[in-house]
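Worksheet: one structure, shown below.
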Amino acid sequence: MKSVRLPPKLKQNEVASVQPSSKRARIEDIPPPTKKLTPELTPLVLFTGFEPVQVQQYIKKLYILGGEVAESAQKCTHLIASKVTRTVKFLMAISVVKHIVTPEWLEECFRCQKFIGKEQR
């Protein structure tokens, strides 16, 4: 019986190992930022609590506006989260991030074709 169960588990592992690499490949395929902002005006954004497909769509909009994806929570200026969660990214970023915003902020920025804040409204 064990030999009968082993092949399905291998197939599941094979499928699981293929899917994450394909998701990473899609995110890496996104072209770099199209606008160039000065370093002090360029938001370094981190996303938490979203599906990879959602993050990919948000990154495209972020790049069109001239923002960049932060390398780590310690380097981000904006954390985009749909709600307060206890994710590793959220907990690491909360003490250093300047702005915790919702995806609606990014959508509004995209509509205005510039990054907005309280002082710019």
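Numbers here are sequence positions counted from 1. Please read all numbers here as calculations on a predicted model, not as lab measurements. Just so you know, these numbers use all the heavy atoms, side chains as well, and skip hydrogens, waters and symmetry mates.
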- Query: Should the heavy atoms of other residues, nucleotides or ligands under 6.0 Å from CZ of Arg111 be counted, would the total exceed 12?
  - Reply: yes
Tested for side chain to side chain contact (heavy atoms under 4.5 Å, CB included) against Ile80, the lone hit among Val101, Ile100, Val55 is Val101
(message) Does any part of the side chain of Tyr63, heavy atoms only, come nearer than 4.5 Å to the side chain of Val69, both counted from C-beta?
(response) yes
Heavy atoms, side chains only, cut-off 4.5 Å: are Tyr58 and Val45 in contact? no
Tightest non-hydrogen contact, residues Leu79 and Phe90, listed as CD2-CD1, 3.5 Å
Q. Cluster question for you: counting only ILVMFWY and a side-chain heavy-atom cut-off of under 4.5 Å, with indirect links fine, are Met92 and Ile94 together?
A. no
- Message: Using only atom types and a distance under 3.5 Å, with no angle test, would you say the side chain of Lys89 pairs donor to acceptor with the backbone of Leu46?
- Response: no
For Ser82 and Gly49 the tightest heavy-atom approach is OG-O, 4.4 Å
Between Thr48 and Val88, does a side-chain contact (heavy atoms from CB on, under 4.5 Å) hold up when you go through it step by step? CA-CA 9 Å; Thr48 186; Val88 173; over 6 Å; no
Would you say the side chain of Ile64 lies within less than 4.5 Å of the side chain of Gln113, judging by non-hydrogen atoms?
yes
For Phe115 and His78, run side-chain contact (heavy atoms from CB on, under 4.5 Å): C-alpha distance rounded to whole Å, both residues' side-chain angles, the deciding distance at 0.1 Å, then the answer.
CA-CA 11 Å; Phe115 290 106; His78 291 71; over 6 Å; no
ask   = Do the non-hydrogen side-chain atoms of Leu41 and Thr38 ever get within less than 4.5 Å of each other?
value = yes
Here the gap from Leu44 atom CG to Lys75 atom NZ, rounded to the nearest 0.5 Å, amounts to 9.5 Å
Ile116 backbone acceptor or donor facing Trp105 side chain under 3.5 Å: yes
All heavy atoms of Val97 vs all of Cys76, minimum pair found to be CG2-SG, 3.9 Å
Subject >> Any side-chain heavy-atom pair of Phe50 and Pro103 under 4.5 Å >> reply: yes
Going by heavy atoms in the side chains, are Cys112 and Glu108 under 4.5 Å from each other?
yes
d(Gln57 CD, Glu107 CD) to nearest 0.5 Å is 9.0 Å
Separation between CD (Gln74) and OG (Ser95), nearest 0.5 Å, reads 7.5 Å
Are the side chain of Thr77 and the backbone of Pro43 linked by a donor-acceptor contact shorter than 3.5 Å? no
